[in-house]
Amino acid sequence: MEVEMQERGKVGTLIEKATNSTAAEVDPRLLKAIKSVVRSSDSELRLAAHTLMDLMKRDHSQVRYLTLLIIDELFMRSKLFRTLLVENLDQLLALSVGFRRNMPLPAPPAIASTLRSKAIEFLEKWNASFGIHYRQLRLGFDYLKNTLRFQFPNLQETAARIERERRERERRTREILQNKFETLKANFSSVKEEIRATVDEIGQCLDIVRTKEECMPPILLDDEDFVEFRSAELRQIRLDSLKEGEKVHENNDNKVVFDALRELYKLLVTKHLVSVQERISLLIRVEVADSRSRDSMLKELIDIRNSLMSVKKDCEESGCALPKTAKNNEEEEEDFWEEGNFGSTENEITTKPGKLKVVESSNAEEKSKSIEDRNSKKSNKRSENLAKVPASNKVKAKDKDCGNLSSKGKETLDSENSVRGELLAEAPVLNWGSFLDNWGSVSNRDTLANQKGLELDNHWGRVDYDAVIPAEKIAELNLQATIYQEKLGEIQPCRAPLSKGALCQRRDLKVCPFHGPIIPRDDAGNPINQNSSSDDTDPELGSDLAEQLAKQAVKNVREQDKEEARKRKLAKQSLQREKLAKVREHNEAVLRDAAMASTSRSAAFGEDMGETVGERSVGRRNKQTLASMLRKKVTTKDRLAQRLLNTRATDATIRQMTQGEDATYKEAFPNQW
Amino acid sequence: MWKEIGNREMGKIRPNSFSSQVKSNRISNLQLSNNKDIVSPHRGSINSLQVDLTEGRYLLSGASDASAAVYDIQRPTNYEGNGLIAKHKCLFSVDKQHEKGHKYAISSAIWYPVDTGLFVTGSYDHYVKVWDTNTTQVVMNFKMPGKVYRTAMSPLATSHMLIAAGTEDVQVRLCDIASGAFAHTLSGHRDGVMTVEWSTSSEWVLITGGCDGAIRFWDIRRAGCFLVLDQSQSQLGRRPPILARSAANKVNVSKSLSAGQNSLGKPRAPQKKVANGHGMKQSTIGRMPTKGSARQRLHPGMLSIQDRATAHYGAVTGLKVTDDGMYLLSAGSDSRIKLWDLESGYNTLVNYEMVRLQTSKAIQLAISQDSAQVFVPCMTVVKAFDIWSGKMSLTFLGHYESVNCCWFGSQDQELYTGGNDRQILVWSPCQPITDDMDAGHSKDQDNWSD
């Protein structure tokens with residue numbers, strides 16, 4: 001060992017130690033030691049190069065990875081190491097990149113891939129810094145890059161490119177801003193002029209409108225008499241309506257002015273305001289030499305914007321029609337409803353001040369008509385689109401306000417609504433499926449398979465254009481398929497009485513392996529019969545219970561009677577069981593088994609009861625059924641039967657269940673039967 | 001070095017031996033050249049390399065992407081890395097885009113031996129084309145019966161202008177540039193002909209190596225082949241002393257003495273061979289160890305047993321005649337290199353420390369000018385062997401895929417190799433370290449940070 005260490009030299013052992021680890025990096029202390037040792041003498045360096053190349057041949061990616069890290073450290077530092085290593089560069093690359101197909105990288109694949117990417121990265125780095133001195137480096141790099149098309153990270157170049165692109169982009173934006181600024185500076189005055197012209201025109205229009213308005217209110221005031229409106233409520237309404245009336249409304253006289261105003265407003269909002277905003281942001285962003293002119297322009301622009309805003313506000317205040325038309329001119333539907341609103345307010349006004357009614361009545365009639373049309377249309381639409389429900393509700397409310405006008409529309413709406421609501425309440429909720437495509441339509445027509453618009457000509461040979469998918473096949477394809485979802489609920493315990501006196505706490509879905517099918521039981525564990533015939537036994541049971549109470553009161557006087565009644569009931573039950581078994585269409589063997597099972601069970605039941613009561617009489621025995629006698633004679637047989645019952649019971653239930661499943665399956669997939 | 005120059009001045013060493021000493025010294029120092037890059041425009045493996053024989057300045061390469069290119073190896077087109085790396089870009093290249101270019105891989109591209117005005121390419125598209133270098137136009141077109149594996153022109157020829165073409169076909173065809181027609185069709189091989197080589201001693205002797213493992217000698221003035229090399233015929237004892245053979249004249253008394261039974265005419269064979277092929281043929285056949293009947297049949301249609309002789313197991317993939325024309329080196333797909341004595345036609349049983357050779361393609365061997373070293377492409381490396389002892393002297397590691405061809409430029413003792421990795425590498429004698437490498441631009445030096 002010592003000798004070997006001597007042979008390998010200090011650096012060899014250091015390198016061995018450094019690469020013998022599972023860490024993702026070389027221990028920095030060891031690395032430093034290696035470097036200092038290697039630096040001290042050339043022979044050590046040669047030895048290190050040799051050892052490292054040997055280690056690269058190890059059949060373990062981790063060792064190779066660490067070795068490669070050390071190689072990189074030394075490679076970047078020592079010239080001698082470079083010259084030594086570069087001679088075997090193809091081998092080094094084959095061992096670290098694994099480009100030779102017959103020399104894939106060894107075991108841990110995750111580390112192998114990091115080894116590869118690291119090696120490629122290193123090669124790029126080496127080539128960038130020393131490629132000029134070593135043809136081999138250039139060759140290796142060139143081969144991997146251009147022949148094998150390895151993806152090099154291209155670190156330097158990528159960083160440089162990104163930087164360059166960023167700078168380029170910045171420069172371009174600055175240029176664009178500069179250009180814009182120049183143009184703005186050039187035609188600033190003209191722009192200002194234009195805006196001012198628009199604003200002036202709007203002002204003039206508004207003036208005209210206002211002068212007309214001034215002559216309107218007197219008429220209103222003339223006609224009013226305050227006597228009618230005594231209560232504050234009414235007065236309030238009136239004031240509101242007056243305020244409404246004060247607004248200038250479009251009519252035949254001022255239509256032209258309004259049109260112009262509308263145009264100008266639109267121009268103002270869509271063009272001037274936007275452009276002013278843009279210019280302001282431009283001026284904020286641009287960098288220019290003389291900031292004074294820029295600041296002054298900015299100030300002016302802000303002033304202009306403020307004035308524009310105020311003008312806009314004026315417009316909106318003066319004519320309520322204006323902003324809406326400007327805003328919603330592309331949306332017909334909304335537009336209309338606003339108009340409707342308009343109309344209704346008009347109607348409201350007409351009910352009270354008679355004067356206006358005369359003026360506007362002709363318009364109102366027309367409008368109401370159109371409202372009706374729209375309403376019916378709307379309701380149709382609504383049946384398609386549930387999202388619009390609130391909107392149409394609102395409509396309905398409005399319609400109620402002006403009831404006489406749109407009552408018809410309301411009716412249609414209501415009727416639609418009720419029918420639809422009924423249908424909706426009835427409709428099942430289903431998951432989506434192709435069967436929904438022709439829901440409710442019985443398609444019993446054959447379908448042409450190759451006429452769906454796909455051009456199939458000569459694709460894989462000849463195409464039969466008359467190929468037909470038969471109707472039953474289509475029906476089959478359109479069958480609704482669902483995944484059975486189990487209903488989850490609490491599983492009830494069996495609650496059959498046990499010999500210890502407690503109740504069976506076993507929880508099973510349908511059948512208890514010890515006590516048969518799970519049936520509802522009372523607190524004592526007695527079954528509460530739920531069969532179809534239970535309604536006529538129930539009163540009896542009730543009377544029985546009453547009797548029992550009475551008996552308890554007189555202390556066992558009528559015990560015998562009670563027992564008899566119980567027996568009667570049990571017999572009836574067994575009969576029912578037999579009937580049920582017949583109904584189930586079991587074969588004869590099953591019938592017999594079931595009969596036996598039922599009798600023994602009832603007998604066992606009776607025994608239990610007898611024990612609890614603590615009386616055993618011969619007379620009672622005489623009255624017992626055949627089955628119970630059988631049981632009395634042969635107790636072992638009884639036990640066996642009990643056993644059998646359990647298995648039979650499970651068998652029977654299983655059979656029953658599978659039959660039920662079959663039936664449902666048959667129902668669900670009629671085409672497969 | 002200085003001492004030798006002094007000796008040379010004093011007359012102790014003859015100029016000839018001095019120069020050969022310097023050259024061999026340089027050859028032994030060949031290594032990958034860092035400051036001479038040939039920028040290959042090829043997108044396929046390089047199949048053929050040749051420096052022109054007149055100026056020793058233009059390198060011609062043929063590649064499997066159907067392109068051929070010419071480089072000036074004396075004057076670089078541009079420099080990189082502050083003048084450290086001289087880049088030799090191709091002067092021109094012809095490829096598929098050329099209207100009359102080859103369609104498939106060029107397997108062989110050779111210069112016209114007389115000047116650099118013409119070059120010849122042979123391709124897998126069955127054509128041999130003769131190109132005018134200056135106009136880069138096809139001046140002549142020969143349609144071959146199969147893929148062309150190798151073309152060759154005689155470096156000595158003064159009386160003919162024949163391109164020998166080895167193809168898939170069993171026949172070797174000689175294409176006459178002067179007439180534009182096939183001059184000869186040489187039949188004898190039983191399989192395709194991988195490699196053809198003209199003798200360096202006689203302008204009429206052609207050597208061909210086939211996929212059937214036979215190496216045949218043809219005198220183009222007569223019908224049929226006159227010699228088939230047989231690997232079982234060997235002359236271990238007759239291998240000449242290495243030093244005497246490589247350095248001095250080939251006429252060697254001791255050799256002829258040791259020749260034993262077939263000593264007839266051995267010493268005068270070289271002169272005869274140079275003089276005319278007829279004499280050589282006579283002597284060769286006379287030396288055949290076969291008995292009586294063969295001796296009577298002097299006609300090329302030789303005895304069938306001789307006719308079936310093989311030089312290699314498998315195909316013969318490379319042939320190279322030594323500069324003096326006395327010896328032939330052959331490489332086969334059995335990964336053997338054999339040295340044949342052309343006077344006797346015997347295998348000299350020199351054992352070259354082997355190597356695996358590429359078996360699927362023809363390879364191009366190179367011999368240094370004093371016939372001391374042979375450069376053999378062995379898969380991804382090129383190895384230099386001492387011809388006479390078979391000892392490996394150098395290994396050239398640099399290609400990343402198989403090397404197909406090498407060419408030794410005798411003028412400045414440079415080796416050019418081309419391989420499947422599309423690179424043409426230059427191996428040159430290591431430069432004396434010049435310290436004037438300006439420290440400003442580059443620092444290839446130790447850089448210890450701690």
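So you know, we letter chains A, B, ... as the sequences are listed, proteins then strands, and number each from 1. Both backbone and side-chain heavy atoms feed into the values below; hydrogens, waters and symmetry mates do not.
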Does [atom1] in [X] sit with more than 12 non-hydrogen atoms of other residues, nucleotides or ligands closer than 6.0 Å?
X: A/K57; atom1: NZ; value: yes
X: A/K180; atom1: NZ; value: no
X: B/H98; atom1: NE2; value: yes
X: B/R57; atom1: CZ; value: yes

Any side-chain heavy atom of B/E80 within less than 4.5 Å of one from A/I132?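 No, every pair of side-chain atoms sits at 4.5 Å or beyond.
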At a heavy-atom separation under 4.5 Å, does [X] approach chain B through its side chain, its backbone, both, or neither?
X: A/L89; value: both
X: A/N146; value: both
X: A/F99; value: side chain

Would you compute the distance between atom CD of B/Q31 and atom CD of A/E87 and round it to the nearest 0.5 angstrom?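 Between atom CD of B/Q31 and atom CD of A/E87 there are 8.0 Å.
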In Å and rounded to the nearest 0.5 Å, what is the CG to CD distance from B/N34 to A/Q136?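 Here the rounded value is 7.5 Å.
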Please tabulate, for side-chain N and O atoms in residues 83-95 of chain B, each donor-acceptor pair with protein atoms closer than 3.5 Å (sequence neighbours left out).
residue: B/K87; atom: NZ; partner: B/D37; partner atom: OD2; Å: 3.1
residue: B/H88; atom: ND1; partner: B/D72; partner atom: O; Å: 2.7
residue: B/D95; atom: OD1; partner: B/Q97; partner atom: N; Å: 3.1

Residues forming a side-chain hydrogen bond (donor to acceptor under 3.5 Å, both in side chains) with A/R167, sequence neighbours excluded: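 Result, side-chain hydrogen bond (donor to acceptor under 3.5 Å, both in side chains) vs A/R167: A/E163.
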Side chain to side chain contact (heavy atoms under 4.5 Å, CB included) for B/V426 and A/R135? Distances and angles first, verdict last. CA-CA 10 Å; B/V426 185; A/R135 177 86 171 107; over 6 Å; no
What parts of residues 417-425 of chain B touch chain A if we use heavy atoms and a cut-off under 4.5 Å?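 At a heavy-atom separation under 4.5 Å, chain A is reached by B/D421, B/R422, B/Q423, B/I424, B/L425.
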Can you name the residues of residues 404-415 of chain B that have some heavy atom under 4.5 Å away from a heavy atom in chain A?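 Contacts with chain A: none.
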Any idea how A/Y143 and B/Y400 line up, ring-wise: parallel (<30°), tilted (30 to 60°), or perpendicular (>60°)?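 Ring orientation of A/Y143 relative to B/Y400: parallel.
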